[in-house]
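Presented below is the structure to which this report refers.
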Amino acid sequence: SRSRKLLAEKMRELWVGAGIYDAIEVAAEKIHAQKAWNDGWLAVREIITLDSKTLNEEVLEKLLKLEKSLKPVNLLEKARVFALSNQFDRLDIENYFDQEDDELSSWKRADKITRELGFQVAQDSETFNAFLPELVSTYSSRLYLFGQGLADGCDNKPVLWEILYNQLKKTDPEKREYIVLAGYLSSSADSDPEFYNSTLDSLINDEYLGKWFPFFQDTTKIDR
């Protein structure tokens, strides 16, 4: 999130201050052609939100065209935008949010969409497998909600848990992140209490997740 804000500030400086429109447009499209550049798209959205009233019509038209070309179009790109964003990013995203929403309302809607996207990804194996390495190697507080969505959309919770767990084991120890697993387990507490309790018991001395056991134990109300 911090790196995206720095990116947005630099793009604003070049776009609004220096007026290097064509160069930025070419560079952005080259980056996006290699891989979906969601940070760039969010940065452009931020420029539009903050500066659209001060830009002349020609410049604004170019900016809107660039925003459209960078916009996430498939499930994987949308999941990355929401699941890997910071919890307190407002995410003023066209077609998702009413621009008149206040910040609290936008956060709630972003949280709701994040969980819904998790549900969709759980039912799309190709997208899930493509996203899997990032789910356990990236820190984002919204991955907790995305993990809840994965559990919501999963027909076999032990199997999907095992896939997430095995991917975590294969991840560089310095990059391992457990947030998505905690969210997944949290949602399972009500929908599959037997799986939830047996999994929680197994984590007490788990080689990879045991050190985070108190956090996992706090993912839902503790019963007798």
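What you see below is based on every heavy atom in this structure, not just the backbone, and it leaves out hydrogens, waters and symmetry mates.
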Q: Please answer whether the main-chain N or O of Phe213 pairs with a side-chain N or O of Gln217 as donor and acceptor at a distance below 3.5 Å.
A: no

Q. Between Lys71 and Glu77, what is the shortest heavy-atom contact and its length?
A. O-OE1, 4.0 Å

Q) Just by distance, do the side chain of Thr114 and the backbone of Ala110 share a donor-acceptor pair under 3.5 Å? A) yes

Q) If you take all heavy atoms of Phe131 and Leu76, which pair is closest and at what distance? A) CB-CD1, 3.7 Å

Q) Does Asn205 CG have over 12 foreign heavy atoms under 6.0 Å away? A) no

Q | N/O donor-acceptor pair under 3.5 Å between Asp192 side chain and Ser188 backbone | A | no

Q.
Looking at every non-hydrogen atom in both residues, tell me the closest pair between Phe146 and Ala79 and how far apart they are.
A. CE1-CB, 4.0 Å

Q. Heavy atoms, side chains only, cut-off 4.5 Å: are Leu135 and Gln167 in contact?
A. no

Q) Does Val121 offer a backbone N or O that forms a donor-acceptor pair with the side chain of Thr127 under 3.5 Å? A) no

Q: Could you pull out the closest heavy-atom pair between Ser141 and Ile179, with the gap in Å?
A: O-CG2, 4.2 Å

Q: For the pair Tyr178 and Phe216, name the ring-plane relationship: parallel under 30°, tilted 30 to 60°, perpendicular over 60°.
A: tilted

**Q.** Side chain Asn197, main chain Pro193, donor-acceptor under 3.5 Å
**A.** yes

Q. Going by atom types alone, do Thr219 and Tyr144 pair a side-chain donor with an acceptor below 3.5 Å?
A. no

Q. With no hydrogens and no angle check, is any side-chain donor or acceptor of Lys157 less than 3.5 Å from a backbone partner on Ala151?
A. yes

Q) Taking C-beta and beyond as the side chain, do Leu150 and Phe128 meet within less than 4.5 Å on heavy atoms? A) yes

Q | ILVMFWY network linking Tyr139 to Leu145, side-chain heavy atoms under 4.5 angstrom | A | no

(Q) Can you confirm whether more than 12 heavy atoms, excluding those of Glu162, are under 6.0 Å from its CD atom? (A) yes

Q) Is there a donor-acceptor pair under 3.5 Å between the side chain of Arg176 and the backbone N or O of Lys169? A) yes

Q: Please check if Leu168 and Val159 belong to a single hydrophobic cluster, counting links between Ile, Leu, Val, Met, Phe, Trp and Tyr side chain heavy atoms closer than 4.5 Å.
A: yes

Q: For residues Asp206 and Leu209, report the shortest heavy-atom separation together with the two atoms involved.
A: OD2-N, 2.7 Å

Q: Check whether more than 12 heavy atoms from other residues, nucleotides or ligands sit under 6.0 Å from atom CG of Asp201, and answer yes or no.
A: yes

Q.
Under a 3.5 Å distance rule, please check whether Ser187 uses its side chain to pair with a backbone N or O of Tyr184 as donor and acceptor.
A. no

(Q) The test is side chain to side chain contact (heavy atoms under 4.5 Å, CB included); show your working for Leu143 and Glu177 and say whether it passes. (A) CA-CA 10 Å; Leu143 276 172; Glu177 295 291 347; 5.8 Å; no

Q | Minimum heavy-atom distance Leu117-Phe82, with the two atoms named | A | CD1-CD1, 3.6 Å

Q: Could you state whether Phe119 and Leu84 fall into the same hydrophobic cluster, counting links through intermediate Ile, Leu, Val, Met, Phe, Trp or Tyr residues with side-chain heavy atoms under 4.5 angstrom apart?
A: no

